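Predicted, not measured: the structure shown is a model, and the values here were computed from it. Every number for a ligand or one of its atoms is a count from 1 in the order of the listing.
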Amino acid sequence: MKNDFPEIDVVFDADTIADRIETLATEIADKLPDDVLIVVVLKGSFVFAADLLRGLDRAGMRPRVDFITLSSYGTRTESSGTVELTRDISEDVRGRSVMIVDDILDSGRTLAFATDLMTARGAESVHTCVLLDKHEKREVSIEADYIGFPVDDLFVVGYGIDMAHLFRSLPFIGVVRQG
Ligand code: 5GP
Ligand code: MG
């Protein structure tokens, strides 16, 4: 595949991501109600969510969508212990089936925060879907119900995921080469 960014090594190319999302969408459509409310955790998962939603539609679902912005602040490449809600959803989740969509499951704090919030607000069920799972980095006991790919502890960019606001528009996921 053509890569115009010589400083980035491709980890998952666009076709690999598209194939995986199609399979994930079928799995989700088999299990969750057609009118599930998808809560997209911004910003990193916006590209993944856009592709996943269209996959869910092809799989026969008619999901609703809302957006929440969460940030775990700290140094540039390590998340800290605090999750901050900076923009809330506008939907009422009471009695509804919710699926939270995030880009990367790392320490687990972000997904745990979002899951606890939806549960506390009275969602009937809360499922979770992440594109990438950095399993070895977990600090909070949480697993996602649906996972795109497991990954090693690499700092990844592309496909919505940034480094200092760069690289979100890359069509693939890669790592910035060191040195
Ligand atoms: P957690 O709360 O699980 O520690 O952090 C998850 C969030 O940390 C992700 O949604 C993402 O915003 C950020 N994150 C974790 N790993 C990476 C990475 O490799 N690259 C980038 N750009 N962000 C990451
Ligand atoms: Mg995030």
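Contact atoms of ligand 1 toward D106: 1 (P), 3 (O), 4 (O), 5 (O), 6 (C), 15 (C), 16 (N) (distance under 4.0 Å to a heavy atom of the residue). Of all atoms in ligand 1, listed by their number and element, those nearer than 4.0 Å to a heavy atom of D162 are 21 (C), 22 (N). Of all atoms in ligand 1, numbered sequentially from 1 with element shown, those under 4.0 Å from a heavy atom of I161 are 20 (N), 21 (C), 22 (N). Of all the atoms in ligand 1, the ones that sit under 4.0 Å from a non-hydrogen atom of S107 are 1 (P), 2 (O), 3 (O), 4 (O). Atoms of ligand 1 lying under 4.0 Å from at least one heavy atom of R109, given by number and element, are 2 (O), 3 (O). Within ligand 1, counting atoms from 1 as listed, the ones closer than 4.0 Å to a heavy atom of L154 are 19 (O).
Taking the six-membered ring for Trp, Y159 and F172 have ring centres at least 6.0 Å apart.
If you look at T110 next to ligand 1, the close heavy atoms, those under 4.0 Å, come from the backbone and the side chain alike. Here I104 has heavy atoms under 4.0 Å from ligand 1 in both its backbone and its side chain. Of all the heavy atoms of K134, the ones lying under 4.0 Å from any atom of ligand 1 belong exclusively to the side chain.
With a 4.5 Å cut-off on side-chain heavy atoms, I68 and D88 count as touching. Counting only heavy atoms from C-beta outward, the side chains of E22 and D19 never approach each other to under 4.5 Å.
In this structure a side-chain-to-backbone donor-acceptor pair under 3.5 Å is present from T119 to T115. With hydrogens and angles ignored, the 3.5 Å screen pairs a side-chain donor or acceptor of R87 with a backbone N or O of F67. D66 places a side-chain N or O within donor-acceptor distance of the main-chain N or O of S90, the cut-off being under 3.5 Å. Looking only at distances, a side-chain donor or acceptor of D13 sits under 3.5 Å from a matching main-chain atom of D15.
The closest approach between a heavy atom of G108 and any atom of ligand 1 is below 4.0 Å. Within the 4.0 Å heavy-atom cutoff, L70 does not count among the residues contacting ligand 1. In this structure, D102 is part of the shell of residues with a heavy atom less than 4.0 angstrom from ligand 1. For K43, the heavy-atom gap to ligand 1 stays at 4.0 angstrom or more.
To the nearest 0.5 Å, atom CD1 of residue I173 and atom CG of residue D9 are 14.0 Å apart. Separating the CG atom in L170 from the CD1 atom in I8 is a distance of 4.5 Å, to the nearest 0.5 Å.
When all heavy atoms of P171 and A14 are compared, the closest pair comes out as O-CB, 3.5 Å.
Between V156 and ligand 1, at least one N/O pair is under 3.5 Å apart. In terms of polar-atom proximity, S72 is not counted as a contact of ligand 1, lacking any N or O under 3.5 Å from an N or O of the ligand.
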